[in-house]
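To keep things clear, I will list the structure first and then write my remarks on it.
Index from 1, following the sequence. No hydrogens, no waters, no symmetry mates; every other heavy atom, side chains included, goes into these values.
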Amino acid sequence: MKSDATKQKFIQLRAEGLSYAKISEQLHLSKSTCSSWENKFADEIATLKKDRLQELYDEYGMEKEARIKALGKVLNKIDDAIDDADFSAMTPAQLLDARLKYQKALSNEYVPTTDSTGAITMDELQSRLLSLAEQAKNNNLNAQSAKELQALTLVINETYHQAKMEHTDHSLGLDLLDRL
């Protein structure tokens with residue numbers, strides 16, 4: 001009969017992803033014992049794997065809030081670089097490309113803070129976008145509305161370019177862009 005310490009070490013090594021061959025060599029167990037213990041201690045192994053993964057998430061900032069903060073910091077640095085750039089090391093196109101990529105990554109982290117019960121129609125979207133554009137034109141845009149306008153513009157731009165690459169016509173199309 002194997003000691004409890006050996007069983008705990010088996011659980012730890014399996015949770016770390018070691019193979020039966022490596023565990024049997026390290027703990028002097030048969031592979032059939034490893035297989036039997038795998039079934040017997042499946043819950044403990046799964047819990048330890050989950051706990052280890054959570055520790056890694058915590059250690060490397062993989063929580064959603066941490067990702068948003070990290071992406072925001074990088075985006076701010078890119079904005080600063082664009083503002084201060086002498087463009088000797090990086091072309092403006094490269095800086096703008098990097099900024100758009102980080103902006104998209106940050107937008108992907110967006111989670112609505114209000115409960116939306118229905119889908120928005122294309123007419124409602126178009127109306128909202130035109131309203132925001134009018135506010136921007138009159139310098140009456142608050143920070144939240146500016147972010148909304150930026151997100152809508154990014155989506156429209158991305159959709160337009162995707163449609164252009166696919167050679168398809170999109171109903172949102174140029175008529176909306178012409179109005180802006």
- Message: Apply salt bridge (charged side-chain N to carboxylate O under 4.0 Å, His left out) to residues E16 and K49 and explain how you reach the verdict.
- Response: CA-CA 7 Å; E16 290 173 5; K49 279 182 183 179; over 6 Å; no
- Message: Under a 3.5 Å cutoff, is there a donor and acceptor pairing between the side chains of Q12 and Q8?
- Response: no
- Query: Got a sec: does the CD of Q94 have more than 12 other heavy atoms crowding it under 6.0 Å?
  - Reply: yes
Side-chain donor-acceptor pairs under 3.5 Å in residues 129-137, sequence neighbours left out?
from	atom 1	to	atom 2	distance (Å)
E134	OE2	N138	ND2	3.3

- Query: Can you name the side chain to side chain donor-acceptor pair (under 3.5 Å) partners of K77, sequence neighbours left out?
  - Reply: none
- Item | Under 3.5 Å donor-acceptor, S24 side chain and Y20 backbone | yes
- With sequence neighbours left out, write down each residue that passes side chain to side chain donor-acceptor pair (under 3.5 Å) with N142, or none if nothing qualifies. S145
- Query: Taking atom types as modelled, is there a side-chain donor on T6 or S3 under 3.5 Å from an acceptor on the other?
  - Reply: yes
- Query: N76: what forms a side chain to side chain donor-acceptor pair (under 3.5 Å) with it, not counting sequence neighbours?
  - Reply: none
- Note on the structure: Excluding L13, membership of its hydrophobic cluster (Ile, Leu, Val, Met, Phe, Trp, Tyr; side-chain heavy atoms within less than 4.5 Å) reads F10, I11, L18, I23, L27, L29, W37, F41, I45, L48
- Task: Could you tell me whether the side chains of S36 and T33 share a donor-acceptor contact shorter than 3.5 Å?
- Result: no
- So CZ of R14 and CD of E38: to nearest 0.5 Å the spacing works out to 4.0 Å
- Roughly how far, to the nearest 0.5 Å, is OG of S19 from CD of E25? 9.0 Å
- Message: If the condition is side chain to side chain donor-acceptor pair (under 3.5 Å), which residues does Q26 pass it with, not counting sequence neighbours?
- Response: none
- Message: Looking at every heavy atom in both K2 and K7, which two are closest together, and how far apart are they?
- Response: O-CE, 3.8 Å
